[in-house]
Amino acid sequence: MNRKLGAAVFMMVACAFGPMTAVAQEGSGHIDITGNDETATHACTPGSTVEITGNANTVTLTGECKSVEVNGTDNKVKVEATGAISVTGTSNSVTWKRGHGKSKPKISRTGTDNKVTQEK
């Protein structure tokens with residue numbers, strides 16, 4: 001690979017995996033969080049769907065989220081309340097306080113060493 005092409009590929013990869021960003025699409029109730037090695041806190045509303053993608057992030061979600069989806073490796077997520085949790089990837093940890101009403105959240109885990117536990 002020539003040097004210019006190698007530098008261009010590096011820049012594209014660096015941009016794709018840059019700092020954590022959160023995009024809340026107004027009116028849609030969707031919160032999209034992406035990044036690596038970042039710490040963030042976001043407030044959910046009862047209709048919020050949250051998607052977290054990246055590696056080694058620490059995310060706290062306050063309020064009541066409709067659903068939380070975590071994709072990547074070594075992410076640590078704390079959720080105050082949600083109706084559903086989906087985790088894919090490796091070594092992710094999601095802790096939740098409560099589900100909606102008296103129900104526990106629906107939980108889906110795929111990948112390796114992903115943990116979803118209720119906070120005591």
Please round to the nearest 0.5 Å and tell me the distance separating atom CD of E80 and atom NZ of K78. 12.0 Å
Could you tell me which non-hydrogen atom of A43 sits nearest to which non-hydrogen atom of T62, and how far apart they are? CA-OG1, 3.4 Å
Could you pull out the closest heavy-atom pair between V79 and V77, with the gap in Å? CG2-CG1, 3.9 Å
So among I85, V50, T49, which one has a side-chain contact (heavy atoms from CB on, under 4.5 Å) with S67? T49
Of the non-hydrogen atoms in K97 and Q118, which two are nearest, and what is the gap between them? O-NE2, 3.2 Å
For the side-chain contact (heavy atoms from CB on, under 4.5 Å) test, which of V68, T82, V94 pairs with L61? V68
Minimum heavy-atom separation for P105 to G99, with atom names? CD-CA, 3.8 Å
To the nearest 0.5 Å, atom NZ of K66 lies from atom CD1 of I31 at 13.5 Å
What distance separates D37 CG from N57 CG, expressed to the nearest 0.5 Å? 7.0 Å
Test your reading of the model: is there a side-chain donor-acceptor pair from N55 to the backbone of T73, 3.5 Å cut-off? yes
Value rounded to 0.5 Å, distance of OG1 in T95 from NZ in K76: 10.0 Å
Here the pair of heavy atoms bringing N114 nearest to S91 is OD1-N, 3.4 Å
Measuring from atom NZ of K115 to atom CZ of R109, what distance do you get when rounded to the nearest 0.5 angstrom? 9.5 Å
Less than 4.5 Å apart, any side-chain heavy atom of V87 and any of V116? yes
Out of curiosity, N75 CG to I52 CD1, how far, rounded to the nearest 0.5 Å? 7.0 Å
Looking only at heavy atoms, what is the nearest atom pair of N71 and E51, with distance? ND2-OE2, 3.7 Å
